[in-house]
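Encoded as structure tokens, the structure appears first; notes follow it.
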Amino acid sequence: MLLSATQVLWLLLPALVWAGDVAYTVPASAPSSATVLDPAPVGVSFEFFAFPSYFTNVTATNQCLKNFQTLTGVWPPIRIGGTTQDRATYDPATSAYVVYTVASPTDAPSALTFGSSFMALAATYPGTVVVGLNRGHDNITNTIAAAQVAKSSMNNLLAIELGNEPESIASGDWTPAVDAQSQDDWDILVGSALGTTNIIQAGNSNSAPPTWGAAELIATENATSQSYVHDYAHHNYPGGTVISLMTHSSTVSNVAQFEADIAAAVGTGKEYVLGETNSVSGGGAATVSPTFGVGLWTMDYVLQASLINIKRTYYHHGTVGLCYYCWWGRYDMGAPYYGAYAATAAMAGGSYISMLDDGTTNNAAYVIYDSAQKPLRALLYNSNYYNGTGTRGSQSFVLSNLTLSTIQAKRLTAASALSRQDEGSIPTFGGQSFTNGACTISGTEAFESTSVVRGTATFAVGDSEALLVYLQ
Ligand SMILES: *[C@@H]1O[C@H](CO)[C@@H](O)[C@H](O)[C@H]1NC(C)=O
Ligand SMILES: *[C@@H]1O[C@H](CO)[C@@H](O)[C@H](O)[C@H]1NC(C)=O
Ligand SMILES: *[C@@H]1O[C@H](CO)[C@@H](O)[C@H](O)[C@H]1NC(C)=O
Ligand SMILES: *[C@@H]1O[C@H](CO)[C@@H](O)[C@H](O)[C@H]1NC(C)=O
Ligand SMILES: *[C@@H]1O[C@H](CO)[C@@H](O)[C@H](O)[C@H]1NC(C)=O
């Protein structure tokens, strides 16, 4: 029998994978190695002293958080803390949220007090809140008083931290062992004063494990101190350039440093989170952190973190008006918000996540599964750097074992990896953007359609782009 050229092509199509294409079989159901997802894995951290400003004096805050709730049905988890939590003293007499003086509006205070209204404000947030309290001053009476106000006024209180990055606030003889003993003692004293177990977000170091971290801390705990721990947290700021941050294989290696600590936490039956994180420490790097390329890092990083069982990733937001990595400010959106939004859209309503690529290349492919373990979405990411000069390269991702006949997808893109919304180069996700100052969605939602032939479809993803593929 002679076959026509069309018939031959039809027969060959499933195998038509060009050199340079990457091809993945989408599992029909979640593999046993897939990781259980938190309902809201993408979180936001607010610097302690700046939290009231974000919530009362920065218009975009509520809408930026609400946009995630619209996707997932759950308000994103927030954490309030940071360097200034260890400079803060609870003052029951003040009616103010926070009281401090600074030389310039973009300075962080070296000392501050806060009142019970601080916790009342945190209590108004419809999502869960982790509140970071002071251990650096070594005044447990003051910290217990603050914890009692938090506990009694906040129905949304998820956990309390006792000290932020203890390795950097204390002097040289404050070793991991000395700090662990202090944490263990404070967990018991604060937890028992509240009459509440599972209440402390423990750890909170920024220095890398295993010297500082959950495994090291857990090894020092007895059953009593451990009973007061809700979860273990670490901080992380990978740093580097736009290229190094956005490169998928670098993100995979960077996040992998927490694997042993995650296993240690899981061994105690507790969760593990990145309690404070962002691209570059100290508010970000001016020419790196606000870029779209770092937005792509933001997306890949939380997917990768979720993949290795980091339950929530809280991206830090510092001083209003001097914060290069912030997702929004008073006047402008940051390009990283788009990556966080795309990651939230990818995981929304998902129950499991797995990765199809091996983590060693510039191409990433994640699959998110529903509660019945059926594939819900795939997130394809081409992390090759495109800076706007010359021709933009493209990567073909060939997905097979698809069940739909037509697949819809949303593209996350911008003019280049160096695009910044505050410089007028506005990213889009599914054709839509977020307005400066308000964080409302603008533009018409746009899906791209791709035909599936014999269970296979090919998706082109440009250098420094991602594509969210809807599998149901
Ligand atoms: C492809 O799909 C079929 C039917 O849904 C399923 O039996 C098979 O296991 C899938 N292949 C893989 C690798 O998951
Ligand atoms: C609110 O923001 C403005 C700047 O837009 C600033 O001048 C003012 O002090 C802020 N108020 C509070 C309470 O933070
Ligand atoms: C510790 O806190 C308590 C309660 O707020 C306060 O009365 C006391 O003066 C503080 N101690 C020191 C040494 O600051
Ligand atoms: C647990 O450790 C704490 C110190 O962190 C100690 O005070 C307490 O006695 C220990 N409890 C038991 C049952 O060993
Ligand atoms: C962009 O990359 C090209 C090389 O691909 C380089 O020659 C050029 O200087 C870069 N431009 C910017 C703005 O970084």
Side-chain angles (χ1 to χ4, degrees), residues 14-15 17 22-34 85-94 98-99 110-116 118-119 133-151 162-163 166 169 175-194 197 199-200 202-203 216-229 232 268 352-358 365-370 372-378 397-405 407 452-457 469 471-472:
V17 175
V22 292
Y24 302 110
T25 300
V26 175
S29 66
S32 56
S33 58
Q85 91 185 51
D86 279 307
R87 299 175 183 172
T89 301
Y90 172 57
D91 176 4
T94 184
V98 279
V99 179
S110 55
L112 68 151
T113 59
F114 62 97
S116 60
F118 187 98
M119 303 304 173
L133 298 178
N134 195 324
R135 189 162 50 96
H137 286 173
D138 197 24
N139 185 337
I140 197 156
T141 310
N142 192 265
T143 293
I144 286 175
Q148 283 167 333
V149 175
K151 177 76 183 116
L162 300 171
I169 54 161
T175 63
V178 169
D179 182 66
Q181 188 59 62
S182 164
Q183 291 212 29
D184 296 343
D185 294 348
W186 278 56
D187 293 350
I188 294 170
L189 294 167
V190 176
S192 58
L194 297 176
T197 56
I199 187 66
I200 306 297
E216 167 265 326
L217 179 59
I218 288 165
T220 69
E221 290 172 349
N222 62 23
T224 311
S225 55
Q226 197 170 97
S227 71
Y228 290 108
V229 174
Y232 297 88
T268 68
Y352 305 90
I353 186 170
S354 75
M355 186 169 79
L356 302 180
D357 65 286
D358 67 4
Y366 297 92
V367 179
I368 291 85
Y369 306 84
D370 65 15
Q373 310 205 358
K374 298 294 170 224
L376 184 60
R377 297 180 202 101
F397 289 79
V398 182
L399 299 186
S400 58
N401 225 23
L402 303 173
T403 52
L404 297 177
S405 57
I407 298 248
V452 179
V453 178
R454 295 195 161 192
T456 298
V469 176
L471 300 172
Q472 292 182 15

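Please read all numbers here as calculations on a predicted model, not as lab measurements. Just follow the structure's listing: the first ligand is 1, and inside any ligand the first atom is 1. In what follows, residues are counted from 1 in the order of the sequence shown.
Between the side chains of Asn134 and Gln85, no donor-acceptor pair of N or O atoms lies under 3.5 Å. A donor-acceptor contact under 3.5 angstrom links the side chains of Asp185 and Gln181, judged on distance only.
Remark: Arg135 engages Asp179 in a salt bridge (Lys or Arg N to Asp or Glu O under 4.0 Å) (not counting sequence neighbours). For Tyr369, the side chain to side chain donor-acceptor pair (under 3.5 Å) partners at least two apart in sequence or on another chain are Ser354. Scanning for side chain to side chain donor-acceptor pair (under 3.5 Å) contacts around Asp357 gives His248, with sequence neighbours left out.
Of all the atoms in ligand 1, the ones that sit under 4.0 Å from a non-hydrogen atom of Pro27 are 14 (O). Listed by number with element, the atoms of ligand 3 under 4.0 angstrom from any heavy atom of Asn139 are 1 (C), 2 (O), 3 (C), 8 (C), 10 (C), 11 (N), 12 (C), 14 (O). Close contacts between ligand 1 and Ala28 involve ligand atoms 2 (O), 5 (O), 6 (C), 10 (C), 14 (O) [criterion: under 4.0 Å to a heavy atom].
With Leu399 as the fixed residue, the side chain to side chain contact (heavy atoms under 4.5 Å, CB included) test singles out one of Thr456, Val26, Val452: Val26. A side chain to side chain contact (heavy atoms under 4.5 Å, CB included) with Phe114 holds for exactly one of Val149, Thr94, Val99, Val98; it is Val98.
The N/O atoms of Tyr90, backbone and side chain alike, include none that comes under 3.5 Å of an N/O atom in ligand 3. Ligand 1 has a nitrogen or oxygen under 3.5 angstrom from a nitrogen or oxygen of Asn401.
The structure places CG of Asp187 at 9.0 Å from OG of Ser182, a figure rounded to the nearest 0.5 Å.
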Enumerate the pairs of nitrogen or oxygen atoms, one from ligand 4 and one from the protein, separated by less than 3.5 angstrom; state names and distance to 0.1 Å.
unit_1	atom_1	unit_2	atom_2	d
ligand 4	2 (O)	Asn222	ND2	2.3
ligand 4	5 (O)	Gln181	NE2	3.4
ligand 4	5 (O)	Asp185	OD1	2.8
ligand 4	11 (N)	Asn222	ND2	2.8
ligand 4	14 (O)	Asn222	ND2	3.3

